[in-house]
Every structure is written in structure tokens, then in C-alpha cells.
Amino acid sequence: LTGKWLALKMALFGLVPLPTLEIGEAMHRLRPALDELSEASQPIPAKISRAIDIASVASLILYALLIAAAFIGATKPI
């Protein structure tokens, strides 16, 4: 196998589980908060907003890693 591009692509794919785990953790925290919200008609609690924010950022990081790895694999820039 040739070039540094492959090592970089493999490293990026190796990082993919990290945001995936963060999304799972945020959703795990979100479930009890949604249960709490469904019991009472109140504004969205801060812990729900925080879990959604964390999952959203982790999702964007996941997409960025996958796009970067695909780009490096396709163009082999280094």
C-alpha cells in the first residue's frame, strides 16, 4: 500500500466511533428528560436542549470525518 493518504484515511475512519458514541450517550441522557417532559406541560428543560446540542455537534463531526476520509481516498492528495 502506498502513500500517506491511506494512513490518514484509516486514522479518520478510526475516529468515527468517537462521535457515534457521543451521539448514543446524548440520546441516553435525552430519554429520561423526554419522559419527564411528557408528564407535565412545561417548557423544554435545559438537559433536553443540552443533549440535543451535543448530539447535533457529534453528528456534524461524524459527517465531516466521513466526508474527509472519502475525499482523501478519492483524491489521494498526500
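What you see below is based on every heavy atom in this structure, not just the backbone, and it leaves out hydrogens, waters and symmetry mates.
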Return all side-chain donor-acceptor pairs below 3.5 angstrom for residues 66-75, not counting sequence neighbours, or 'none' if the list is empty.
unit_1	atom_1	unit_2	atom_2	d
T75	OG1	F71	O	2.8

Between G14 and P17, the two heavy atoms sitting closest are O-CD, 3.2 Å
Interatomic distance, OG@S49 vs CG@L30, rounded to 0.5 Å, equals 9.5 Å
Margin query: If hydrophobic clusters are built from ILVMFWY residues whose side chains come within less than 4.5 Å, do L15 and L60 share one?
Written below: no
Residues passing the side-chain contact (heavy atoms from CB on, under 4.5 Å) test with I61, sequence neighbours excluded, are P19, V57, L65
With sequence neighbours left out, the residues meeting side-chain contact (heavy atoms from CB on, under 4.5 Å) with T20 are V16, L62
Separation between CZ (R29) and CD1 (I52), nearest 0.5 Å, reads 12.0 Å
Taking every heavy atom of M27 against every heavy atom of A51, the minimum-distance pair comes out as CE-O, 4.5 Å
